[in-house]
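Okay, so here's the structure we're looking at.
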Amino acid sequence: MAQLDQETKQQEENSLSTVYNPQSVEGRIYEFWEEGGFFKADPDSKKPPFSMVLPPPNVTGSLHLGHAWDNTLQDIIVRFKRMSGFDAVWVPGTDHAGIATQARVEKAIRETEGKTRHQLGRTEFVKRVWDWKNEYGHTITTQIRALGGSCDWSRERFTMDDGLSRAVREVFVRLYDKGLIYRGHRIINWCPRCSTALSDIEVEHVDVEGTLYHVRYPFSDGVGEVVVATTRPETMFGDVAVAVHPDDERYQSFIGRTLALPFTDRQIPVIADEYVDREYGTGCVKITPAHDPNDFEVGERHHLDQPSCINLDGTMNSLAGRYQGLTREEARRQLVEDLRGSAYLIQEEPLTHAVGHCSRCQTVVEPFLSDQWFVRMEPLAKPTLEAVRSGQLRFVPERFEKVFVNWMESVRDWCISRQLWWGHRIPAWYCDDCGEITVSRDNVTECSHCRSKSVSQDEDVLDTWFSSALWPFSTMGWPEETPDFKRYFPTSVLATGYDILFFWVARMVFMGIEFTGKVPFRDVVLHGLIRAADGRKMSKSLGNGVDPLDVIGQYGADALRFTIANGTSPGNDQRFSFERVESSRNFINKIWNASRFVLMNIPADFVPFNLSKVPLGITDEWILTRYAETAREVTNHLERYDFGEAGRALYDFAWDEFCDWYIEFSKLALYGDDEQAKHTTQTVLVTVLGGLLRLLHPIIPFVTEEIWQAQHGTDASISVAPWPDAKTMPTYPESVSKVQLLMEAIRAVRNIRAERNVAPGKPIDLYVRARDEDSLRLFHSTESYLRRFCTAQTLTIAVGMEAPATAVTAVVSAGELFVPLESLVDLAQERDRLTKERDRLIQEVDRVEKKLNNANFVARAPEAVVVAEREKGKDYAMKLFAVNERLKALLNE
RNA sequence: GCGGCUGUAGCUCAGAGGGAGAGCACCACCUUGACACGGUGGGGGCCAUAGGUUCGAUUCCUAUCAGCCGCACCA
């Protein structure tokens with residue numbers, strides 16, 4: 001045992017290990033890349049530029065599979081472009097993620113010191129967040145490295161960097177000056193738990209089982225009543241009116257009368273407004289302007305008060321009388337009970353309705369009336385829609401254009417102020433003396449209107465997406481006209497998940513157009529969501545999340561990347577399963593071992609032939625052709641962002657054709673006596689492997705680099721090796737069809753062996769009846785392959801030979817193969833076999849004949865299709881004839 | 001309500017106007033001088049349903065059914 005261990009160890013030291021071990025490779029390779037500066041862009045380069053920005057992840061977050069997905073796709077793109085001769089830059093960076101980061105640091109401080117942020121004070125708290133960022137802010141960028149991301153780290157940015165913060169202020173001031181940013185007293189979405197305003201898209205509408213309460217509001221004079229229907233009775237303390245439709249005949253006489261609001265001493269009028277739907281509920285709507293956006297508008301029209309009855313923390317205020325201090329939920333429960341008891345409540349109707357929830361913490365959002373900052377969207381949306389319609393912005397897959405346009409067309413003003421401490425503070429100062437607002441790029445010490453020194457800055461910060469929206473140009477140095485900005489903006493491609501199409505992509509587009517006059521990227525590549533193996537969303541609460549770092553640790557980054565890339569079909573979700581990662585790992589191991597084989601069979605001082613100057617065998621020509629075709633396909637797929645298809649083409653070529661067939665074919669020459677043929681084969685092996693590695697490199701960068709190093713020494717990196725250019729590669733279609741015939745024959749014999757339980761190693765006598773002179777030449781020229789792959793001790797090839805007695809027959813396109821068996825051939829079994837084959841062929845022949853007999857088909861189908869169909873027909877007919885002959889012979893025995 | 005996606009082998013999913021594919025699983029055989037994370041051979045599918053376009057539809061169009069996702073909501 002000890003000896004064996006030692007042997008294995010020695011073996012590993014001497015040559016590449018038989019099992020690829022990513023853990024011992026990937027870290028070293030990434031360091032090599034980073035130290036070599038291979039990913040650094042060069043603005044002075046003569047190459048054409050290609051640029052991308054990384055969607056900035058949360059600086060204090062850690063990598064999840066969604067990141068892994070778009071990072072992998074982006075890395076594939078940028079590596080492909082870099083190898084294709086572009087000065088490619090991929091700008092990385094992180095996002096300050098206002099709410100998430102603040103909440104996280106608050107929690108940490110609460111747990112360690114038992115203090116709230118208010119106890120620490122704003123300055124101290126912000127300092128703590130920076131400390132946190134400095135300590136944990138490298139986690140995610142380290143993880144992107146572990147994944148193999150070929151980012152230009154010298155250009156790394158953070159949304160709260162000085163430069164980017166300057167860009168934020170510049171944008172704010174310019175929009176304010178143009179009237180595109182304003183401060184307004186409006187109903188916004190308020191999250192009582194995060195205690196901040198949210199934008200419309202940060203609210204998720206979830207269907208909830210609720211109740212429609214029918215509540216009696218008596219008239220003040222004691223004569224009669226109206227019945228209002230509401231899902232939120234607790235807001236009645238903020239009611240200022242009850243509205244009915246002006247044309248509603250039932251309620252004409254009510255309009256203008258006064259109601260006594262139950263449980264209060266307040267009197268509210270009945271008003272008429274067309275907003276009311278006569279069909280819904282009772283046709284009487286209580287109007288609560290401070291707690292409902294529609295009511296707010298009704299209130300504005302009728303110049304009504306806007307009293308709030310709920311505090312920012314979600315509890316009831318003094319207007320709610322004895323319910324003061326209760327939470328919204330408790331107040332509702334209590335109130336409903338009291339209403340029941342007091343006979344105000346006349347009906348409770350179950351109702352499913354959509355209720356807004358905070359997308360971050362799932363708390364029910366409170367529509368709240370407050371002063372907030374908004375971006376006026378209409379003037380920004382217009383040029384954006386124009387850019388999409390004119391094709392300056394391309395979506396992959398296309399269908400997202402429609403989604404994007406729909407959203408843009410109906411977008412409402414964007415609430416950008418957040419009641420947080422972590423973020424870009426709004427550059428607006430209020431004057432205590434004249435009450436005017438001063439908005440400025442620089443910090444303000446005196447009011448620009450009245451010169452008063454008594455000014456104070458707005459307490460709020462901006463929505464994190466406000467700074468993310470500037471990312472493609474703020475990272476390039478804007479508003480300065482830096483060399484990077486001039487060369488790399490607008491960027492070439494943006495790749496991200498469709499879940500942030502509105503949050504991020506849309507906003508980058510209109511900000512880009514507004515401030516640079518350009519769409520910030522040409523192509524938007526959108527991928528879906530990674531789901532758990534059972535198809536459910538991965539989530540913390542379900543505990544079914546998979547940590548990409550665990551996957552990398554277990555299987556290697558390449559396996560994860562290959563899995564994700566191969567699972568990508570444009571715009572669709574994919575399920576993650578370890579079975580698929582395993583199969584990727586196996587593929588990588590296959591590449592590793594194929595490479596080992598090639599390296600083992602090439603002398604250290606090997607000088608390859610010039611393949612255009614030496615005679616090639618048909619298998620050489622075949623694999624070179626298939627290599628060229630694969631290179632062309634993969635290139636096309638990558639250019640169209642068809643990552644899954646690219647991966648599949650490579651998988652099939654590498655495994656089925658290069659490994660299973662060519663490497664096996666090559667052994668004949670490698671272990672043979674013909675030095676010239678051996679050298680040719682070695683050259684082909686090296687050529688195809690080298691090309692294959694380069695084609696694979698964007699998807700699985702580590703293993704391909706490791707092999708490349710073993711093959712070429714350590715001076716250069718495959719990451720900057722030239723992309724295989726299919727246009728310059730010769731192809732040999734004739735050899736391809738010949739090798740196909742050869743493979744068909746080999747498979748047929750293997751099939752006979754398997755069916756007849758003839759051990760693969762057991763030699764047979766093989767008789768080959770060639771169909772014609774061409775086939776005869778083919779079989780003769782491939783004799784050595786037939787012998788080896790059929791394990792034939794004797795091989796007899798002829799046209800028109802007599803079938804040997806007691807032989808099993810296989811009919812192939814180039815002729816018939818006879819394998820005489822020592823044991824008696826079971827005639828019945830053989831007849832069954834051939835009869836099955838005959839039936840299949842008859843079907844095929846019928847199908848083809850039907851087609852060819854159809855005059856319309858021959859007249860209207862493309863010439864090539866008709867020709868191909870005729871060829872097929874001939875092939876089937878010949879095979880059928882041969883099978884029938886053989887059956888006849890068997891019946892005579 | 002409006003919009004979109006998905007429905008193909010037991011499972012997960014590709015695919016393309018002209019002979020149904022992969023991975024995993026399954027069956028049989030094989031340690032053959034790169035690889036058992038391997039090799040060889042094999043079984044398995046009216047490509048959701050109904051119409052239409054077409055010489056030809058699993059693929060394009062329409063409708064239906066089923067599942068999923070956005071957006072908008074009348075309390």
Side-chain angles (χ1 to χ4, degrees), chain A residues 15-16 18-20 200-201 205 212-213 228-232 235 243 275-288 292 294-295 351 353-354 397 399-400 402-403 406-407 410 498-499 501-502 528-529 533 535 555 559 563 566-569 571-577 579-580 582-601 644-645 647-648 651-652 656 659-660 663-664 667 670-671 746-747 750-755 757-761 788-789 791 844 847-848 850-851 854-862 864-866 868-869 872 876:
Chain A
S15 64
L16 303 170
T18 62
V19 172
Y20 174 64
D200 292 342
I201 51 177
H205 293 275
L212 189 59
Y213 299 96
V228 299
T230 179
T231 53
R232 302 199 56 197
T235 63
Y275 151 74
V276 180
D277 179 349
R278 278 170 279 185
E279 311 300 318
Y280 194 90
T282 60
C284 300
V285 187
K286 66 192 227 25
I287 300 299
T288 324
D292 182 283
N294 293 308
D295 292 7
L351 173 81
H353 62 143
R399 63 187 157 85
F400 285 105
K402 209 168 170 181
V403 181
N406 283 348
W407 187 77
S410 57
Y498 65 65
D499 53 328
L501 182 60
F502 307 144
L529 237 60
Y555 297 95
T563 303
N566 248 12
T568 303
S569 79
N572 293 333
D573 295 351
Q574 69 170 307
R575 295 189 195 197
F576 182 88
S577 73
E579 284 81 11
R580 290 183 48 232
E582 242 169 70
S583 121
S584 301
R585 188 267 322 263
N586 294 351
F587 173 68
I588 288 157
N589 195 51
K590 189 75 181 174
I591 296 296
W592 176 254
N593 276 293
S595 305
R596 283 180 59 231
F597 172 81
V598 174
L599 292 175
M600 279 175 189
N601 284 287
E645 286 300 294
R648 237 160 276 129
Y651 185 99
D652 292 345
D656 300 344
C659 293
D660 285 349
I663 284 186
E664 295 307 322
K667 287 174 181 172
L670 291 178
Y671 306 142
I746 292 168
R747 279 200 201 100
R750 284 172 174 169
N751 175 277
I752 290 172
R753 297 189 94 109
E755 287 198 358
N757 290 321
V758 181
R788 183 182 175 98
F789 294 105
T791 326
E844 297 289 357
R847 196 180 49 74
V848 174
K850 235 167 94 184
K851 259 190 177 176
N854 181 343
N856 269 327
F857 172 74
V858 179
R860 301 201 191 191
V865 173
V866 179
E869 213 61 31
K872 274 187 264 174
Y876 289 135

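Protein chains get the first letters and strands the later ones, always in sequence-line order, with residue 1 at the start of each. Worth saying up front: this structure is predicted, and the values here are computed from it rather than measured.
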Can you tell me the distance, in whole Å, between the CE atom of Met600(A) and the C1' atom of C35(B)?
10 Å
Are the side chains of Arg788(A) and Lys667(A) in contact, using a 4.5 Å heavy-atom criterion?
yes
Name all residues meeting the side-chain hydrogen bond (donor to acceptor under 3.5 Å, both in side chains) criterion together with Thr230(A); count only those two or more places apart in sequence or in a different chain, and write none if there are none.
none
Base-pairing string, 5' to 3', of RNA chain B - Watson-Crick or wobble, under 3.5 Å, | interstrand:
(((((((..((((....[..)))).(((((.......))))).....(((((..]....))))))))))))....
When the nearest nucleotide of RNA chain B is assigned to Arg747(A) and to Ala594(A) on a heavy-atom basis, which residue is associated with the more 5' position?
Ala594(A)
For C37(B), does either OP1 or OP2 sit under 4.0 Å from a side-chain N or O belonging to Arg585(A)?
no
Side chain of Asn751(A) only, heavy atoms from C-beta on: which candidate in G41(B), U40(B), C35(B) is closest?
G41(B)
What string of B, S and - do you get for nucleotides 69-75 of chain B, 5' to 3', when a contact is any protein heavy atom under 4.0 Å?
-S--BBB
Sequence-distant partners of Arg580(A), side-chain hydrogen bond (donor to acceptor under 3.5 Å, both in side chains), two or more places apart
Gln574(A)
For nucleotides U49(B) and G67(B), find the distance between their C1' atoms and express it as a whole number of Å.
15 Å
I'd like a table of atom pairs between the protein and nucleotides 57-62 of chain B - only N or O on both sides, under 3.5 Å - with the distance next to each one.
none

On a plain distance test, is the side chain of Glu645(A) in donor-acceptor contact with the base of A16(B) below 3.5 Å?
no
Would you please name every residue forming a ring pair (Phe, Tyr, Trp, His ring centres under 6.0 Å) with Phe857(A), sequence neighbours left out?
none
Any salt bridge between Arg750(A) and Glu755(A), counting N to O under 4.0 Å?
no
The criterion is ring pair (Phe, Tyr, Trp, His ring centres under 6.0 Å); which residues satisfy it with Tyr555(A), sequence neighbours excluded?
none
Pick out the pairs of N or O atoms, protein on one side and nucleotides 45-48 of chain B on the other, that lie under 3.5 Å.
none

Report the residues that fulfil side chain to side chain contact (heavy atoms under 4.5 Å, CB included) with Val276(A), sequence neighbours left out, ordered by chain and then residue number.
Ala243(A), His245(A), Val285(A)
Suppose we screen for ring pair (Phe, Tyr, Trp, His ring centres under 6.0 Å). Which residues come up paired with Phe789(A), at least two apart in sequence or across chains?
Phe665(A)
Qualifying residues under ring pair (Phe, Tyr, Trp, His ring centres under 6.0 Å), relative to Tyr213(A), sequence neighbours excluded:
none
Closest listed nucleotide, where the reference is the side chain of Lys590(A) and the choices are G15(B), G3(B), A34(B):
A34(B)
Do Asn572(A) and Ser569(A) have a side chain donor and acceptor closer than 3.5 Å?
yes
How far, in whole Å, is G45(B) from G39(B) if one measures between their C1' atoms?
27 Å
Out of G4(B), A34(B), G18(B), whichever nucleotide has its closest atom nearest the side chain of Lys402(A)
G4(B)
Considering only nitrogen or oxygen atoms on both sides, find all protein atoms under 3.5 Å from nucleotides 23-32 of chain B and state each distance.
unit_1	atom_1	unit_2	atom_2	d
G23(B)	O2'	Ser583(A)	OG	3.3

note: Asp652(A), atom CG; G15(B), atom P; distance rounded to Å ~ 14 Å
Side chains of Asn593(A) and Tyr20(A), heavy atoms from C-beta outward: is any pair under 4.5 Å?
no
If I take atom CD1 in residue Ile591(A) and atom C1' in nucleotide C35(B), what distance separates them, rounded to the nearest angstrom?
11 Å
Could you tell me how far C74(B) sits from C61(B) if I compare only their P atoms? Round to whole Å.
35 Å
